Amino acid sequence: MTKTALLKIEDKEYPLPIMVGTEGEKAVDTRTLRATSGHVAYDQGYGNTGSCASQITYLDGDNGILRHRGYPIDQLAHHSDYVETAYLVIYGELPNATQRKEFGLLLRKNAAVETQMQKILEGFPTNASPMAMLSAMVSALPAYYPQLATNNFEKDLKGFDQAAAIAISKIRTIVAMIYRYQHGLPYIFPKQELPFCENFLHMMFSEPYQDYMAVPEVAKALNLVLLLHADHEQNCSTSTVRMVGSSASNLFTSISAGICALAGPLHGGANVAVMHMLQSIHDEGDDGSRFIAAAKSGSKSNRLMGFGHAVYRNFDPRARIIGDACDTVLKRLGIDDPLLRIAKHLEEAALRDDYFVSRKLYPNVDFYSGIIMRAIGIPMNMFTTLFAIGRTPGYIANWREVAADPKGRIYRPRQVYFGPPKRDYVPMARRG
Ligand code: CMC
C-alpha cells in the first residue's frame with residue numbers, strides 16, 4: 001500500500017504520496033501541491049529535491065556509497081575499465097564479450113573528427129579556455145550528423161547507439177585536438193588498433209614520425225581517472241543535460257550544455273583550482289595554513305578547493321580510490337611530486353581542524369585527480385576536459401532516460417518572486 005504524508009496548511013490537510021526507491025530512499029511527491037493548495041515546494045538550488053526517478057546511479061552521501069547500476073564504485077575501479085563502465089552506465093548491464101567487442105568497434109569507427117570541424121577549432125584564440133572550445137565543438141556536432149540529431153525524441157532514439165559512440169569517441173578526439181592546436185602541433189589521427197585510453201594518449205603525445213607508446217601504468221591510471229568520473233547522479237552538469245534534453249534537444253546539444261556547467265570551478269573546474277592552490281603553496285614555501293585560514297572565513301571565493309561536496313557528508317569514495325592510486329601510480333612512474341606531499345599535509349591539517357570536521361568537509365575526487373593527470377603529462381588547463389570525457393557516459397545515460405520517458409515533461413521549475421510589486425510605467429521625463 002502506498003504511504004501518504006499529510007501536509008497541514010492552516011486548517012486544511014493535503015495528502016502527498018510517499019515514494020520509496022530501491023535502496024529505501026524516501027521522497028514526498030509534491031507534484032500536486034500547487035494544484036491542490038496553491039503552494040510550490042521551495043528548495044533553493046534543488047538541494048533536497050528529487051528532480052527525476054533514475055535507474056543509473058545510486059549515491060548515499062551520508063555513508064559514502066556510490067554504485068552504478070548496482071555495482072559498487074570500488075569494484076568497478078578494481079575490475080573494470082572506462083569503456084566497460086561506460087557501457088554499463090549507458091545500457092544498464094555489464095557487456096558480454098560480443099557486446100563489448102561491438103561497442104569497442106563502434107567507438108573506433110567514430111573516433112575521427114571531420115576535417116571541416118578543425119576550422120571551428122582554429123577560429124578560437126590559442127589561449128582560449130579548452131572547456132569553451134570543447135562545448136563549442138560538441139554543439140557543432142548536430143550540424144555534421146543531422147540524421148542523428150533531429151530534436152525529436154523518437155527519431156533521436158533510433159540513432160542512439162551511434163550518437164552515443166560519436167559523443168564518447170569524438171569528445172576524446174576533440175580534447176586531444178584542442179591540446180595540439182593550443183601547442184601549435186599538428187593533429188594526430190586516431191589509430192583503429194589502439195584501445196580507448198592508449199588512443200587518446202597517442203593523439204595527445206605522438207609526433208608525426210614518432211609514435212607515443214603509453215606504458216601500461218599510464219594507460220591504467222587514465223582509465224581509472226575516467227572511470228571514476230563516469231557518472232555521479234544529479235550533479236550540476238548532469239542535471240543541466242537532463243534539463244536541456246527535456247526540451248527535446250538532441251544528445252550533442254544537451255551534452256554541450258553540460259560541458260558548460262562542468263567548467264565552473266565549484267564543479268569540474270575544481271581539479272584545476274586544486275592544482276593552482278597546491279602550486280602556490282609550493283611556490284611560497286607555505287605549509288598550507290594560509291589557505292586553511294582563508295577557507296574558514298566563509299567567503300565562497302576562498303574555499304579550500306577539492307574539499308567538501310554537495311552530497312557526501314562522510315567521505316567521497318572516489319577520493320579514497322584516487323588518493324590511494326596516486327601513491328602507486330607515482331611510484332611506478334618514478335615520480336616524486338612535491339604537490340602530492342603538500343596535498344597530503346593539507347588533508348591531514350584540514351581533517352584536524354574543527355571548521356572542516358564540524359561541517360563534514362572531506363577531500364573530494366578533484367583533490368587528488370589532478371596529481372595523477374599531471375603525472376600522465378596532461379597540462380593543467382586541460383584537466384577539466386578529461387573530467388568531461390569521463391562524465392560523457394553519465395550525460396548520455398541521463399539524456400536517454402529523459403528522451404525515452406513516455407510521461408516525461410519539459411523541466412520547468414517554479415520560483416518565489418521577491419521583486420517589486422506591480423507598479424505603473426514612468427515616462428523618461430519623470431524619472432529621477
Ligand atoms: N572550503 C571551505 N568551506 C567550505 C567548503 C570548502 N571547500 N565547502 C563548503 N564549505 C562550507 C560552506 O561555506 C558552509 O559553511 P557555513 O555552514 O558556515 O555556511 C558549509 O561548509 C557547508 O557547505 P555545503 O552546504 O556543504 O556546501 P555546498 O553544498 O554549498 O557546496 C561544494 C558544495 C562542492 C560546491 C563546496 O563544498 C565547494 O565549493 N568545494 C570546493 C570546490 C570543489 O572542490 N568542488 C568539486 C566538487 S566534487 C566534483 C564535482 O562533482 O563537481
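In listed order, ligands and their atoms are each counted from 1. Just so you know, residue 1 is the first one in the sequence shown, and it goes up from there. None of the values given here were measured: they were computed from a predicted structure.
Side-chain N or O atoms of R67 include none that pairs as donor or acceptor with a backbone N or O of L59 at under 3.5 Å. A donor-acceptor pair under 3.5 Å links the side-chain atoms of S239 to the main chain of N235, judged by distance alone.
Not less than 6.0 angstrom separates the ring centroid of F124 from the ring centroid of Y181. For an aromatic pair to be called close, the ring centres must be under 6.0 Å apart, and F387 with H229 satisfies this. Aromatic ring centres of H232 and H309 lie closer together than 6.0 Å.
Looking only at atom types and distance, the side chain of T384 has a donor-acceptor partner in the side chain of N271 under 3.5 Å away.
With hydrogens left out, the protein atom closest to atom 10 (N) of ligand 1 is L361 CD1, 3.7 Å, a heavy atom. Here the protein heavy atom with the shortest distance to atom 43 (C) of ligand 1 is A270 CB, 3.5 Å. For atom 33 (C) of ligand 1, the closest heavy atom belonging to the protein is A310 N, 3.6 Å. Looking only at heavy atoms of the protein, atom 48 (S) of ligand 1 is closest to H309 CD2, 3.5 Å. Among all protein heavy atoms, the one lying closest to atom 45 (N) of ligand 1 is L266 O, 2.9 Å. The protein atom (non-hydrogen) at minimum distance from atom 47 (C) of ligand 1 is N364 ND2, 3.6 Å.
For atom 40 (N) of ligand 1, the choice among Y362, F307, F356 with the nearest heavy atom turns out to be F307. When the heavy atoms of T238, N235, D366, L262 are ranked by distance to atom 49 (C) of ligand 1, first place goes to D366. Of the listed options K300, M277, R303, R318, R303 places a heavy atom closest to atom 13 (O) of ligand 1. Closest heavy-atom approach to atom 15 (O) of ligand 1 among the candidates R359, R313, E233, H232: R359. Closest heavy-atom approach to atom 1 (N) of ligand 1 within the set V311, D316, T384, L304: this belongs to L304. The closest non-hydrogen atom to atom 52 (O) of ligand 1, taken over H229, M305, R391, H267, comes from H267.
Atom 22 (C) of ligand 1 lies below 4.0 Å from none of the non-hydrogen atoms of the protein. For atom 26 (O) of ligand 1, the nearest protein heavy atom lies closer than 4.0 Å.
Per-residue contacts place G306 under 4.0 angstrom from the following atoms of ligand 1 (heavy atoms of the residue considered): 43 (C), 44 (O).
Within the cation-pi definition used here (under 6.0 Å to the ring centroid, within 45° of the axis), R242 does not qualify as a partner of Y411.
Under a 4.0 Å heavy-atom criterion, K296 is not in contact with ligand 1. At least one heavy atom of Y355 sits closer than 4.0 Å to an atom of ligand 1.
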Report the C-alpha separation of Y362 and F307 in whole Å, then their side-chain angles, then the decisive distance to 0.1 Å, and conclude whether the ring-ring contact (aromatic ring centres under 6.0 Å, His included) test is met.
-> CA-CA 5 Å; Y362 296 89; F307 256 73; 8.0 Å; no
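In terms of heavy atoms, E198 sits closest to L194 at O-CD1, 4.0 Å.
Using bins of under 30°, 30° to 60° and over 60° for the plane-to-plane angle, the ring pair F252/Y145 lands in the tilted bin.
Remark: of the listed residues Y71, Y82, F103, F103 is the sole one forming a ring pair (Phe, Tyr, Trp, His ring centres under 6.0 Å) with Y87.
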